[in-house]
Amino acid sequence: MITSLQLGQRVFPVNLIQGPLAGVSCAPFRRLTWRYSQPAFSCTEMISCKTILHQPNDFLKRFVTKAVDEGPVCFQLSANDPLELAEATKRVTQWGADLIDLNCGCPVNKIRSKGAGSRLLSDERKLYHLISAMKHNTHLPVSIKIRVDSRSSDRFNQQVAEVVRDAGADFLIVHGRHWTEHYETPCRYDDIQFFVETLPIPVIGNGDISCIHSLRKMLATGCAGVMISRAGMGQPWLIKKLMAEINQTPFTQPLLQEIGHIFLEHILTLADLLNSEKFSILHARKFAKYYRRTVLNKAEYMSEINCCETIPQLEKIITQYFR
């Protein structure tokens, strides 16, 4: 069930992928995932094409920097203008992208109001032209990442499948929820299976993958690969663990002290990338609960993290709680 994965002309040795996470999946996060799991590829944060085209390089660093010691990277773009997407596609190709994805699933009103994200699922003509713009401006495999209609009144699954096929996307990533549904709504595997059975290209399933049981359920849809997103936070070894479990091979999880070292390295490399201790500490507050998922005095731990203002203070807290 863990197999090679061909997307366009590119063949990857495994079919598990680290997905995009807003505010998380920049290079420091991805390089740790590569070191401990070596997925097929990892994704950037969603990047607006307007940001790529109009923001200065210092601002772009967080979104487009690719570390020398990380594996293949899929740049995920956000757009509603085919001309802007065409130019952004050219640029990220030059910057070292290995694959390019168009976000067509973001449910956030700020994105939808601009005609991007999940709003594109109800605009078939625009979606066709956007996919074509990517295909005509890169030699790399291109995809779109969507949400499903989930038997809502939208009923767009069939139309989206036809557009993806006709526009020539190399693969499709499907998150098994409607854009109005939150994480407490279970992933709809039957919707994912619809795309698997309808399309002649590889379909990547996404949604609720955190353990061997959920991975098996997703693979049972017949999808060519599986994208793991939120569960990878604070667990850069998760994909390797899942591969070992499904292949029934040994896996040794890092000890608590090593996890502390990983947490600190994540924050140090983030500070270096952005040249900002303050920004990296804000991220440390967000990541702390994921790196230390089981701690008896959790309230005390989080209180200390949230009061932390410098990296030396963070290092002392990590030394105390990760031993």
Side-chain angles (χ1 to χ4, degrees), residues 17-30 41-67 70 72-138 140-147 160 163-164 167 169 172-175 179 206 227 229-230 270 273-276 279 282-283 286:
I17 298 153
Q18 174 59 55
L21 291 163
V24 175
S25 51
C26 54
F29 171 85
R30 297 192 311 265
F41 58 88
S42 296
C43 298
T44 66
E45 298 181 62
M46 181 180 71
I47 316 166
S48 166
C49 287
K50 293 185 186 298
T51 296
I52 290 171
L53 300 180
H54 303 300
Q55 290 292 342
N57 289 338
D58 283 349
F59 185 87
L60 281 173
K61 280 180 67 176
R62 165 183 159 187
F63 299 100
V64 304
T65 295
K66 184 178 175 183
E70 67 173 311
V73 177
C74 177
F75 279 58
Q76 189 187 65
L77 308 181
S78 172
N80 76 334
D81 183 325
L83 294 178
E84 289 183 345
L85 180 58
E87 181 58 32
T89 296
K90 292 178 185 177
R91 293 195 190 185
V92 300
T93 300
Q94 294 168 355
W95 293 342
D98 296 283
L99 313 92
I100 304 174
D101 175 68
L102 176 65
N103 182 297
C104 299
C106 181
V108 177
N109 285 334
K110 179 181 178 181
I111 304 300
R112 284 181 54 82
S113 66
K114 297 175 182 177
S118 58
R119 178 66 181 80
L120 292 168
L121 298 174
S122 56
D123 191 341
E124 300 155 31
R125 183 177 176 81
K126 175 67 67 67
L127 182 58
Y128 177 90
H129 288 302
L130 289 168
I131 297 172
S132 296
M134 290 193 295
K135 285 292 294 180
H136 291 151
N137 288 281
T138 189
L140 301 173
V142 303
S143 66
I144 67 170
K145 185 173 187 287
I146 68 168
R147 294 249 179 162
V160 167
V163 169
V164 168
L172 176 68
I173 306 168
V174 185
H175 179 94
W179 68 268
N206 173 236
M227 177 173 282
S229 298
R230 290 174 297 143
L270 192 59
L273 172 66
L274 303 174
N275 194 28
S276 172
F279 189 85
L282 291 175
H283 274 65
K286 175 169 62 176

Indicate yes or no for a side-chain donor-acceptor contact from [X] to the backbone of [Y] under 3.5 Å, with no hydrogens or angles considered.
| X | Y | value |
| --- | --- | --- |
| Asn80 | Lys114 | yes |
| Asp98 | Val73 | yes |
| Thr65 | Lys61 | yes |
| Arg30 | Ser25 | yes |
| His283 | Gly23 | yes |
| His54 | Lys50 | no |
| Glu84 | Asp81 | no |
| Ser118 | Cys106 | yes |

Side-chain contact, heavy-atom cut-off 4.5 Å: [X] with [Y]?
| X | Y | result |
| --- | --- | --- |
| Leu77 | Ile52 | yes |
| Leu85 | His129 | no |
| Leu102 | Val142 | no |
| Thr89 | Arg91 | no |
| Leu140 | Phe75 | no |

Say you draw a straight line from [atom1] of [X] to [atom2] of [Y]; how long is it, rounded to the nearest 0.5 Å?
| X | Y | atom1 | atom2 | result |
| --- | --- | --- | --- | --- |
| Leu121 | Trp179 | CG | CH2 | 10.5 Å |
| Gln18 | Glu70 | CD | CD | 11.5 Å |
| Leu120 | Lys126 | CG | NZ | 7.0 Å |
| Asn103 | Ile47 | CG | CD1 | 11.0 Å |
| Gln55 | Leu60 | CD | CG | 7.0 Å |
| Ile173 | Gln76 | CD1 | CD | 7.0 Å |

[X] to [Y] - nearest heavy-atom pair and separation:
| X | Y | result |
| --- | --- | --- |
| Phe29 | Val24 | CB-O, 3.3 Å |
| Ala88 | Cys49 | CB-SG, 3.5 Å |
| Lys66 | Gly96 | NZ-O, 2.9 Å |
| Ser78 | Ile111 | OG-CG2, 4.2 Å |
| Ile144 | Met134 | CG2-CE, 4.3 Å |
| Arg119 | Arg112 | N-NH1, 3.3 Å |

Worked verdict on Met227 versus Cys43 for side-chain contact (heavy atoms from CB on, under 4.5 Å):
CA-CA 10 Å; Met227 177 173 282; Cys43 298; 3.8 Å; yes
State whether a side-chain donor-acceptor pair under 3.5 Å links Asp101 with Ser143.
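Result is yes, a qualifying pair exists.
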Could you give me the CA-CA distance, side-chain angles and deciding distance for Arg125 and Asp123, then say whether side-chain contact (heavy atoms from CB on, under 4.5 Å) is met?
CA-CA 6 Å; Arg125 183 177 176 81; Asp123 191 341; 4.3 Å; yes
